[in-house]
Colleague: 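Before I ask anything, here is the structure I am working with.
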There are 2 protein chains.
Amino acid sequence: MRSHGTDGGIAQAVLRRFNALRPLSEEDAAALEHAILEGLLRAGPGEDLIAEGDPVDSVRLVLSGWLYRHKTLEDGRRQIVNFILPGETCDAHAYLLSTMDHSITTVTPVAYAEIKRARFEQLMAAHRTLAEAFMCETALNSAIQREWIVNLGRRAAFERVAHLFCEIFERLRPVGLVDGNSCALPVTQTDLADATGLSVVHLNRTLQELRATGLIILKDRTLTIGDLDALKNAAMFPPGYLRRYQVK
Amino acid sequence: MRSHGTDGGIAQAVLRRFNALRPLSEEDAAALEHAILEGLLRAGPGEDLIAEGDPVDSVRLVLSGWLYRHKTLEDGRRQIVNFILPGETCDAHAYLLSTMDHSITTVTPVAYAEIKRARFEQLMAAHRTLAEAFMCETALNSAIQREWIVNLGRRAAFERVAHLFCEIFERLRPVGLVDGNSCALPVTQTDLADATGLSVVHLNRTLQELRATGLIILKDRTLTIGDLDALKNAAMFPPGYLRRYQVK
DNA sequence: CGTCCTCTTTAACATAAGCTAATGCCGGCA
DNA sequence: TGCCGGCATTAGCTTATGTTAAAGAGGACG
């Protein structure tokens with residue numbers, strides 16, 4: 001029965017990440033997987049999972065697929081504030097704030113697990129290590145957001161896009177979603193522009209530049225990074241950034 | 001004996017904020033205050049409290065004074081990633097990540113309380129409400145960071161600076177640090193530039209513009225906002241933003 | 001009372017990035 | 001097969017913001 005095998009079945013990505021954050025006992029892992037299987041759900045591409053202002057009464061874990069968090073100004077300007085990748089958490093402890101300060105939309109079809117507040121609290125109370133892993137996840141997310149602030153505030157377009165690509169690659173790696181030096185990049189250029197604070201036109205120009213230098217190949221929603229270190233260099237990717245993401 | 005009076009003495013700002021996040025019982029408040037008084041420390045202006053890469057083995061609460069979090073790129077470009085104001089925490093649960101991903105530097109003289117890891121964990125274990133308030137604090141900080149991403153990514157210089165001023169004002173208010181429509185703003189223009197992702201020169205231009213429209217007066221490190229609603233309007237300050245900061 | 005220092009302000013010029021609009025490309029679908 | 005709609009790409013022009021440099025302004029201090 002796969003879903004309880006060693007690979008973690010559909011919950012694999014989540015289990016891998018949490019285990020990297022805090023070594024989970026068999027029992028912790030089983031409890032988490034169980035809670036996941038209880039609340040399995042799916043969403044199509046381009047669906048709003050939750051919107052700014054909505055009440056939050058559950059925590060969601062992404063099993064597969066891409067989503068993004070975003071905020072929109074009154075006049076329509078939109079900023080993608082982060083991507084949510086397989087194995088990551090949608091609302092970790094944001095649920096403490098009772099309402100969402102941003103929206104979450106799916107990019108691709110998504111499989112996720114929804115754990116209701118009461119169930120979640122029970123799980124945390126029973127498994128200290130899981131609770132710690134969850135807090136770690138939140139802290140990590142916070143560190144990513146800080147780096148995005150630096151990216152938007154102090155990096156030029158070229159570095160900025162390069163940095164985003166390095167980051168995505170490094171975040172997909174520990175959950176087994178990179179294949180050699182390639183990974184999926186299922187977003188439109190408009191999305192990339194909204195994530196990097198650029199206009200679509202300028203984002204496109206920047207992409208051309210990145211291609212011209214031979215640092216990346218981007219085709220058919222697949223990103224290929226010939227020389228990751230070179231790209232990181234060009235991006236001024238901080239050496240220690242996302243270290244905690246790597247599986248030891 | 002002031003320090004145990006109803007005003008909370010030196011721990012006042014922290015107690016007020018935490019109490020707003022989760023209503024604290026007398027006992028919770030006393031325990032928190034006690035922990036604070038145990039670990040009282042001071043730092044001068046312009047001091048590095050902790051630097052990127054340093055190990056984290058305690059949580060610090062700011063009792064008075066301003067600090068900022070910042071990251072610097074190899075070539076010296078610096079981004080201030082947030083300000084830390086009285087009543088706020090320095091590292092809430094970042095201590096779970098064991099090393100700092102950014103640096104913290106004081107702006108003014110600062111009084112703070114340092115709670116060592118073991119002591120902190122003991123406190124959290126004994127007082128569920130305090131633990132929740134701490135998590136709330138982290139979540140709130142995360143929401144602020146997301147808004148900063150929007151600010152840097154999608155707002156023009158004028159709105160961006162206006163937004164920062166509104167935010168600071170709203171964050172100082174609940175801890176009693178605004179006086180009518182004025183508050184302290186003890187940072188240099190270089191700092192403001194590094195916080196808004198602008199060059200000093202352009203920041204200065206923007207400040208002139210803000211003054212010219214009569215939206216703000218900034219003189220002697222004091223910010224005066226004639227019409228907060230007008231400023232928020234100009235800044236596209238989201239209506240619900242920082243709602244959780246307000247004392248009910 | 002002058003000198004140094006840090007911070008602010010201004011000017012003149014350079015450029016990265018935005019905007020508008022047209023064109024190309026491709027896959028879905030009638 | 002041919003039209004439509006969403007994306008990607010390119011061109012041409014505009015503008016916000018960066019850069020360099022120099023000059024005030026005020027406080028600390030010998």
Side-chain angles (χ1 to χ4, degrees), chain A residues 44-46 73 75-80 105 107-108 151-164 184-213 216-223 234-236, chain B residues 44-47 66 68 73 75-80 105-109 151-164 184-213 216-223 234 236:
Chain A
L73 300 183
D75 65 353
R77 278 174 286 177
R78 185 183 74 146
Q79 177 69 38
I80 290 180
T105 302
V107 176
T108 63
N151 210 25
L152 290 164
R154 287 304 180 209
R155 270 184 270 252
F158 187 89
E159 306 163 303
R160 219 183 277 181
V161 178
H163 185 277
L164 178 61
L185 193 79
V187 299
T188 67
Q189 292 194 8
T190 305
D191 295 333
L192 288 175
D194 284 346
T196 50
L198 300 169
S199 66
V200 205
V201 174
H202 198 63
L203 177 95
N204 182 278
R205 284 197 278 251
T206 308
L207 242 32
Q208 305 300 344
E209 248 188 284
L210 275 160
R211 287 181 178 123
T213 58
I216 64 153
I217 301 169
L218 179 52
K219 208 170 162 288
D220 300 329
R221 307 272 141 123
T222 298
L223 171 69
M236 298 227 167
Chain B
E47 242 175 69
W66 282 46
Y68 51 71
L73 300 183
D75 65 354
R77 278 175 287 177
R78 184 183 74 146
Q79 178 68 38
I80 290 180
T105 302
T106 62
V107 176
T108 63
N151 209 26
L152 290 163
R154 286 304 180 209
R155 269 184 270 253
F158 187 89
E159 308 163 302
R160 217 184 278 180
V161 178
H163 186 277
L164 178 61
L185 192 80
V187 298
T188 68
Q189 293 192 10
T190 304
D191 295 333
L192 288 175
D194 285 345
T196 51
L198 300 169
S199 65
V200 204
V201 173
H202 198 64
L203 178 96
N204 183 278
R205 283 196 279 251
T206 307
L207 242 30
Q208 305 300 343
E209 246 187 287
L210 275 160
R211 287 181 177 123
T213 59
I216 65 153
I217 302 169
L218 180 53
K219 207 172 162 288
D220 299 330
R221 306 272 140 124
T222 298
L223 171 69
M236 298 227 169

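Chain naming here is simple, since letters A, B, ... match the order of the sequence lines and numbering starts at 1 in each.
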Colleague: As a test of reading the structure: which of C/dA21, C/dA11, C/dG18 is closest to the side chain of A/Val201, going by heavy atoms?
Modeller: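 In terms of side-chain proximity for A/Val201, the closest of C/dA21, C/dA11, C/dG18 is C/dA21.
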Colleague: Would you say A/Gln79 and A/Leu73 make side-chain contact, with heavy atoms under 4.5 Å?
Modeller: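 A/Gln79 does not reach A/Leu73 side chain to side chain.
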Colleague: Tell me the interatomic distance from A/Leu203, atom CG, to C/dA16, atom P, rounded to whole angstroms.
Modeller: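 Result: 17 Å.
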Colleague: Describe the nucleic acid contact of A/Thr188 in one word from base, sugar-phosphate, nothing, applying a heavy-atom distance below 4.0 Å.
Modeller: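 Sugar-phosphate only.
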Colleague: Could you tell me the separation between the CG atom of B/Leu210 and the C1' atom of C/dT9, rounded to a whole number of Å?
Modeller: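 To the nearest whole Å, that distance equals 16 Å.
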Colleague: Measure CG/A/Asp220 against P/D/dA8 and give the value in whole Å, please.
Modeller: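 The answer, rounded to whole Å, is 11 Å.
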Colleague: Report the nucleotide, chosen from C/dC7, C/dA17, D/dG18, that has the shortest atom-to-atom distance to any side-chain atom of A/Ala156.
Modeller: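 That would be C/dA17.
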Colleague: Taking any heavy-atom pair under 4.0 Å as a contact, classify A/Arg160: base, sugar-phosphate, or nothing.
Modeller: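 Nothing: the residue A/Arg160, judged by heavy atoms under 4.0 Å, touches no strand.
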Colleague: Looking at C/dT9, C/dA17, D/dT19, which one has an atom nearest to any side-chain atom of A/His202?
Modeller: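 Within the option list, the nearest is C/dA17.
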Colleague: With a 4.5 Å limit on heavy-atom distance, are the side chains of B/Leu210 and B/Leu218 in contact?
Modeller: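 With C-beta onward as the side chain, the pair stays apart.
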Colleague: To the nearest 0.5 Å, what is the distance between CD (A/Gln189) and CG (A/Leu198)?
Modeller: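 Atom-to-atom, A/Gln189:CD and A/Leu198:CG are 11.5 Å apart.
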Colleague: Whole angstroms only, please: what is the CD-C1' distance between B/Glu159 and D/dT17?
Modeller: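 Distance, rounded to whole Å: 14 Å.
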Colleague: Looking for any heavy atom pair under 4.0 Å, which part of the strands does B/Gly197 touch: base, sugar-phosphate only, or nothing?
Modeller: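 Contact class for B/Gly197: sugar-phosphate only.
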Colleague: If you assign each of A/Arg205 and B/Phe158 to its closest nucleotide in DNA chain D, which residue comes earlier from the 5' end?
Modeller: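 Final value for this comparison: A/Arg205.
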Colleague: In this structure, how many angstroms lie between the P atom of C/dC7 and the CG atom of B/Leu185, rounded?
Modeller: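 Spelled out: CG on B/Leu185 to P on C/dC7 is 14 Å.
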Colleague: With a 4.5 Å heavy-atom cut-off, do B/Val161 and B/Leu192 have their side chains touching?
Modeller: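 Not touching, per the 4.5 Å side-chain cut-off.
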Colleague: Using a cut-off of 4.0 Å on non-hydrogen atoms, how would the nucleic acid contact of B/Arg77 be classed: base, sugar-phosphate, or nothing?
Modeller: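 Nothing, no nucleic acid heavy atom in range.
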Colleague: Using a heavy-atom cut-off of 4.0 Å across all strands, would you classify A/Leu207 as base, sugar-phosphate, or nothing?
Modeller: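 Counting heavy atoms under 4.0 Å across all strands, no contact is made by A/Leu207.
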Colleague: Select one nucleotide: of C/dA12, D/dT10, C/dT8, the one nearest the side-chain heavy atoms of B/Gln189.
Modeller: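 Nearest nucleotide to the side chain: C/dT8.
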Colleague: With respect to the side chain of B/Arg221, which nucleotide from C/dC7, C/dG18, D/dA8 is positioned closest?
Modeller: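 Between C/dC7, C/dG18, D/dA8, the one nearest the side chain of B/Arg221 would be C/dC7.
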Colleague: Grab the CZ-P distance between B/Arg155 and D/dA16 for me, whole Å please.
Modeller: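 Spelled out: CZ on B/Arg155 to P on D/dA16 is 18 Å.
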Colleague: Could you verify whether a donor N or O on one side chain and an acceptor N or O on the other, from B/Arg205 and B/His202, lie under 3.5 Å apart?
Modeller: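 Judged by distance alone, the side chains do pair up.
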Colleague: Go through C/dT8, D/dT9, C/dA17 for me and flag the one nearest to the B/Asn204 side chain.
Modeller: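 Comparing C/dT8, D/dT9, C/dA17 against the side chain of B/Asn204, the answer is C/dT8.
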Colleague: Rounded to whole angstroms, how far apart are CG on A/Leu152 and P on D/dT17?
Modeller: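 For the pair A/Leu152 CG and D/dT17 P, the rounded distance is 14 Å.
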Colleague: Round to the nearest Å and state the distance from B/Glu209 atom CD to C/dT10 atom C1'.
Modeller: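 For the pair B/Glu209 CD and C/dT10 C1', the rounded distance is 15 Å.
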